[in-house]
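A quick write-up on the structure given underneath.
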Amino acid sequence: MMQLQAFSEENREVRQKLMESVSRIQTMASIHELLYKSESFSKLSLDKNIQQLVSTIVDTVQTAVEVDVTYSLDPIILNINQAIPCSLVVNEVVTNALQHAFENRNSGKLWVSVSEEDGQIYLKIKDDGWGLPDDFDPLP
């Protein structure tokens, strides 16, 4: 319903906010779908979740850019309390990249990797977009 409302909305900013909400809802639905398909309702395969999630986001976010996604995902199991915030972070970063990194381009590349080393999980999301402006200040 929200997606239909977004498609009919004339205000670009409102349309974008609605689509961002749709993406977040789909992220949560994706996590629950994988949980229901798994052997456990408390543990989730992070690698499978991220691949499904990124594919859904790329399909959902309206952009004219052809995006090539490359994955390097170690098989990692997380509990649901870890998987949900991790998935929401992936959603925000990938959505942001799709909306801003490839402006005025026909194509772009996105790399997503997950690895585990010495008990630490590393998530990396990179793109070949424009990058941040030289005067960017992360602490305004």
Side-chain angles (χ1 to χ4, degrees):
M1 296 299 290
M2 201 178 289
Q3 198 167 21
L4 289 173
Q5 185 177 0
F7 289 142
S8 65
E9 178 59 51
E10 293 180 19
N11 183 308
R12 185 176 186 266
E13 190 174 317
V14 171
R15 186 174 51 245
Q16 183 176 346
K17 294 293 183 191
L18 286 168
M19 289 308 293
E20 288 171 3
S21 294
V22 166
S23 182
R24 288 182 187 110
I25 292 167
Q26 287 177 328
T27 296
M28 300 297 288
S30 173
I31 292 167
H32 285 92
E33 180 183 347
L34 286 171
L35 277 174
Y36 294 137
K37 290 179 180 178
S38 73
E39 297 174 9
S40 167
F41 288 123
S42 62
K43 301 213 180 281
L44 187 68
S45 175
L46 182 63
D47 50 313
K48 291 178 185 173
N49 179 54
I50 286 179
Q51 189 160 8
Q52 179 178 333
L53 178 59
V54 172
S55 295
T56 300
I57 296 167
V58 169
D59 291 342
T60 302
V61 174
Q62 296 175 335
T63 178
V65 177
E66 182 69 31
V67 178
D68 177 38
V69 183
T70 301
Y71 299 95
S72 175
L73 307 171
D74 290 352
I76 297 172
I77 303 296
L78 290 182
N79 69 50
I80 189 70
N81 293 328
Q82 296 167 313
I84 288 175
C86 182
S87 298
L88 288 171
V89 167
V90 170
N91 179 72
E92 295 302 314
V93 172
V94 171
T95 299
N96 186 56
L98 294 174
Q99 291 175 342
H100 303 290
F102 309 119
E103 288 181 28
N104 302 319
R105 293 178 51 186
N106 296 325
S107 64
K109 294 183 187 224
L110 193 63
W111 294 271
V112 181
S113 69
V114 175
S115 60
E116 186 172 9
E117 191 175 310
D118 298 326
Q120 295 289 318
I121 297 173
Y122 297 92
L123 168 66
K124 295 179 187 174
I125 302 172
K126 299 187 324 183
D127 63 63
D128 68 343
W130 298 108
L132 297 171
D134 292 336
D135 63 347
F136 178 76
D137 182 5
L139 303 172

| field | Closest non-hydrogen atom pair, W130 against E103 | value | NE1-O, 2.7 Å
| Distance in Å, I80 CD1 paired with S87 OG, rounded so as to fall on 0.5 Å steps | 8.0 Å
| Quick one: are L123 and I50 in side-chain contact, heavy atoms under 4.5 Å? | yes
| task | Would you give the length of the straight line joining atom CG of L78 to atom CG of N49, rounded to the nearest 0.5 angstrom? | result | 9.0 Å
| request: Start with the C-alpha distance between L18 and R15, add both sets of side-chain angles, then the distance that settles side chain to side chain contact (heavy atoms under 4.5 Å, CB included), and finish with yes or no. | output: CA-CA 5 Å; L18 286 168; R15 186 174 51 245; 5.7 Å; no
| field | Where Q82 and P85 come nearest, the two heavy atoms and their spacing | value | O-CD, 3.4 Å
| field | Same apolar cluster (I L V M F W Y, side chains within < 4.5 Å links), V69/W111 | value | no
| field | Spatial distance of atom CG (D47) from atom OG (S72) [nearest 0.5 Å] | value | 10.5 Å
| field | From I121 atom CD1 to I76 atom CD1, the distance as rounded to the nearest 0.5 Å | value | 5.0 Å
| query | Side chain of Q51, backbone of K48: donor and acceptor closer than 3.5 Å? | reply | no
| query | For the side chain of D118 and the backbone of Q120, is there at least one donor-acceptor N/O pair under 3.5 Å apart? | reply | no
| query | Any chain of hydrophobic side-chain contacts (each under 4.5 Å) joining L44 to Y122? | reply | no
| CA sep, side-chain torsions, deciding dist, call: L98, V65, side chain to side chain contact (heavy atoms under 4.5 Å, CB included) | CA-CA 8 Å; L98 294 174; V65 177; over 6 Å; no
| query | How many angstroms lie between CG in N96 and CG in D127, if you round to the nearest 0.5 Å? | reply | 8.5 Å
| note | Shortest non-hydrogen pair, V90 vs I57, comes out as O-CD1, 4.4 Å
| task | Count the heavy atoms of every other residue, nucleotide or ligand shown that sit under 6.0 Å from CG of N106, and state whether that count exceeds 12. | result | no
| field | Shared hydrophobic cluster, L73 / V89 (ILVMFWY, side-chain heavy atoms < 4.5 Å) | value | yes
| said: Quick check: closest heavy atoms across G119 and E116, and the distance to 0.1 Å? | reply: CA-OE2, 4.2 Å
| request: Please round to the nearest 0.5 Å and tell me the distance separating atom CG of D74 and atom CD of E117. | output: 10.0 Å
| said: For residues I77 and L53: do they belong to one hydrophobic cluster (side chain heavy atoms under 4.5 Å, members Ile, Leu, Val, Met, Phe, Trp, Tyr)? | reply: no
| What are the two closest non-hydrogen atoms of C86 and L46, and how far apart are they? | SG-CD1, 3.9 Å
| request: Taking all non-hydrogen atoms of both residues into account, name the closest pair between N91 and T95 and its distance. | output: O-OG1, 2.7 Å
